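Quick notes on the structure that follows.
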Amino acid sequence: MDIANGLLLGLQTAMQPEILLYCFIGVFLGTLIGVLPGIGALAAISLLLPITFHLEPTAAIVMLAGVYYGAQYGGSTAAILLNLPGTPSSAVACLDGYPMAKQGRAGVALFMTTVASFIGSMLGIMALVAFAPGIAEIGLLFGAAEYFSIMLLGLIAAATLAAGSPIKGLAMVLFGLLLGTVGTDVNSGVPRFDFGIPELMDAISLVALAMALFGIAELISSVNLKRDGEVKEKITLRSMLPTREDVRQSVRPILRGSGIGGFMGALPGTGPSIASFMSYAIEKKVAKDPSRFGKGAIEGVTAPESANNAAAQTAFVPTLSLGIPGDAVMALMLGALIIHGIQPGPMLMTAQPELFWGLIVSFAIGNIMLVILNLPLVGIWVSILRIPYHVLYPAILVFICLGVYSVNNNVFDVYMTAVLGVLGYVLLKLRFEPAPLLLGFVLGPMMEENLRRAMLLSRGDPSTFIERPISAVVLALCALLLLWTAYAAFKRGMKRQEQEQDRIPE
């Protein structure tokens with residue numbers, strides 16, 4: 001199916017009243033979740049995952065996707081007004097957005113971030129339309145060995161390129177792989193690591209794990225979060241209008257940020273957060289007066305926002321076309337598709353064209369809805385920021401318990417969520433990133449299945465992974481990435497040692 005016919009089919013699917021309704025619900029909830037600091041898209045999608053079991057697959061995925069890219073819009077609101085980012089990728093907006101708010105230009109900052117987010121998203125959608133079909137065609141050449149190798153690359157990239165220590169990232173990936181082995185073996189039917197608990201024979205629930213790591217753990221860690229102050233400025237539509245100079249200074253940064261975000265989003269293990277930080281760093285390098293940054297430079301707000309929204313759209317490229325998630329949110333999206341009996345990968349475009357193209361067109365419709373939501377309703381978002389945390393968090397905890405229980409109507413899943421939530425909080429305190437764990441958990445069973453299939457086809461000969469050209473190239477990239485990470489860690493250690501020696505008095 002060519003792109004034009006695909007988009008026409010997608011338009012017919014996305015314009016159905018039910019799909020439009022769930023698209024609106026998704027982007028509205030995403031914006032709301034983004035506005036509220038300390039919750040995030042992962043927790044929101046985890047909460048909504050049980051509800052989607054009762055929906056038609058296309059409507060379910062459209063709603064979850066709306067929550068994801070809607071949160072990117074809302075995340076900058078709290079960052080600008082309170083110096084508290086609603087999402088990790090919006091942290092960069094604090095650097096210049098909050099100084100703009102203190103200068104009485106919060107309205108302009110909010111307006112320009114919405115415009116930048118919209119442009120970045122639309123350019124990201126164009127990249128998704130352009131590249132996903134080609135990548136899917138290449139994916140048809142993949143066998144079991146290639147799938148195993150590229151999933152391994154995705155896990156290594158997620159562990160080594162994510163924030164924090166690469167060693168801790170790899171440890172979390174391995175922990176996720178171990179959790180993925182719990183349950184009944186698909187090939188032999190023998191229960192593994194169930195410790196005699198019947199409920200574990202069906203494996204650990206993805207919903208329970210996601211809600212624990214990104215719901216309960218984040219709730220506990222954010223419960224004592226202090227605000228810098230209240231929102232005092234009254235924001236009107238007139239105060240949101242930018243000057244001609246603001247627009248002139250933002251055009252090129254928005255285009256550059258969209259390009260960076262579009263590229264970074266499609267790479268495994270990077271995503272919106274890294275794209276926004278990289279975009280900010282580049283703008284500071286190319287600026288004629290870098291000293292303006294951190295003091296209310298409009299480019300320091302618009303470039304990162306366009307980057308993280310473009311990345312949020314192109315993150316669907318490897319997930320839909322190859323069935324390989326680039327980050328934790330995409331791992332949840334992949335899990336949602338599998339739960340609905342849909343296998344993501346190269347065949348998705350031909351086997352489920354209504355879902356694939358309907359989802360892409362819904363991205364464009366959802367982003368138009370977000371512009372309409374964010375500009376006139378900014379007063380509502382400001383009012384929501386005044387809700388006390390001690391009122392908000394118990395309600396979220398109740399929804400988490402109800403959501404987990406509703407999946408299997410089993411209290412054991414609630415207990416499991418509580419235990420994993422405490423574990424997740426401990427890991428956060430020890431500065432272990434939970435996202436690689438979720439990626440390892442989702443990809444682990446798929447990797448094992450492809451590993452066994454490849455070994456079966458080669459009659460037990462492991463050299464099949466090197467003899468097949470695509471697999472060999474991908475494994476070489478894995479080795480290079482590990483070597484580069486080890487070298488970077490060695491250099492950091494040497495630099496730290498030199499600094500400590502310099503501090504020692506003679």
Side-chain angles (χ1 to χ4, degrees), residues 34-35 72-86 89-124 126 228-229 231-262 272 275-311 367-368 370-379 381-382:
V35 167
Q72 309 303 322
Y73 276 75
S76 59
T77 303
I80 291 166
L81 297 175
L82 293 178
N83 203 29
L84 287 173
S89 59
S90 300
V92 188
C94 294
L95 300 177
D96 283 281
Y98 189 60
M100 285 183 72
K102 289 200 288 187
Q103 295 164 14
R105 304 188 71 222
V108 174
L110 290 169
F111 180 87
M112 291 306 295
T113 54
T114 301
V115 171
S117 299
F118 179 73
I119 294 172
S121 295
M122 297 308 285
L123 291 175
M126 290 179 192
D228 264 14
V231 183
K232 295 176 182 176
E233 182 186 351
K234 187 176 181 181
I235 298 168
T236 61
L237 289 176
R238 180 173 291 182
S239 71
M240 297 176 76
L241 294 176
T243 63
R244 191 171 294 179
E245 184 64 15
D246 289 330
V247 175
R248 188 189 65 80
Q249 290 178 338
S250 299
V251 172
R252 288 182 181 176
I254 288 173
L255 294 175
R256 276 193 292 264
S258 300
I260 293 164
S276 61
F277 277 98
M278 185 173 288
S279 176
Y280 186 86
I282 288 172
E283 287 308 315
K284 199 170 180 180
K285 288 282 185 186
V286 302
K288 291 179 181 178
D289 182 15
S291 65
R292 292 173 54 248
F293 283 76
K295 299 174 184 176
I298 192 76
E299 311 98 288
V301 178
T302 54
E305 283 302 301
S306 62
N308 69 40
N309 281 274
N367 277 281
I368 294 168
L370 281 164
V371 172
I372 297 168
L373 277 173
N374 273 268
L375 294 179
L377 301 183
V378 69
W381 308 133
V382 171

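Owing to the predicted nature of the structure, the values given are computational and were not obtained by experimental measurement. In what follows, every heavy atom counts, from backbone to side chain, and hydrogens, waters and symmetry copies are set aside. Residues: numbered from 1 along the sequence shown.
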Please give me the minimum heavy-atom distance between [X] and [Y], naming the atom from each residue.
| X | Y | result |
| --- | --- | --- |
| A310 | S258 | CB-O, 3.5 Å |
| I80 | G97 | CG2-O, 3.6 Å |
| S306 | A303 | OG-O, 2.8 Å |
| P304 | S279 | N-OG, 3.8 Å |
| A93 | E305 | CB-OE2, 3.9 Å |

Once rounded to the nearest 0.5 Å, what's the spacing between atom [atom1] of [X] and atom [atom2] of [Y]?
| X | Y | atom1 | atom2 | result |
| --- | --- | --- | --- | --- |
| M122 | N367 | CE | CG | 6.5 Å |
| S250 | R248 | OG | CZ | 9.5 Å |
| I254 | L123 | CD1 | CG | 10.0 Å |

Taking side chain as C-beta onward, heavy atoms only, is [X] less than 4.5 Å from [Y]?
| X | Y | value |
| --- | --- | --- |
| E299 | Y280 | no |
| I298 | M100 | yes |
| V286 | R252 | no |
| Q249 | R292 | yes |

**Message:** Quick check against the 3.5 Å criterion: does D96 have a side-chain atom that pairs as donor or acceptor with the backbone of A297?
**Reply:**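 Yes, the answer is positive, given that a donor and an acceptor are paired below the 3.5 Å cut-off.
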
Pairs under 3.5 angstrom only: tabulate donor-acceptor contacts from the side chains of residues 109-120 to other protein residues two or more places apart or in another chain.
unit_1: T113; atom_1: OG1; unit_2: A109; atom_2: O; d: 3.1
unit_1: T113; atom_1: OG1; unit_2: L110; atom_2: O; d: 2.8
unit_1: T114; atom_1: OG1; unit_2: L110; atom_2: O; d: 2.9
unit_1: S117; atom_1: OG; unit_2: T113; atom_2: O; d: 2.7
unit_1: S117; atom_1: OG; unit_2: N309; atom_2: ND2; d: 3.0

**Request:** Check step by step if side chain to side chain contact (heavy atoms under 4.5 Å, CB included) holds for D246 and R105.
**Result:** CA-CA 11 Å; D246 289 330; R105 304 188 71 222; 2.4 Å; yes

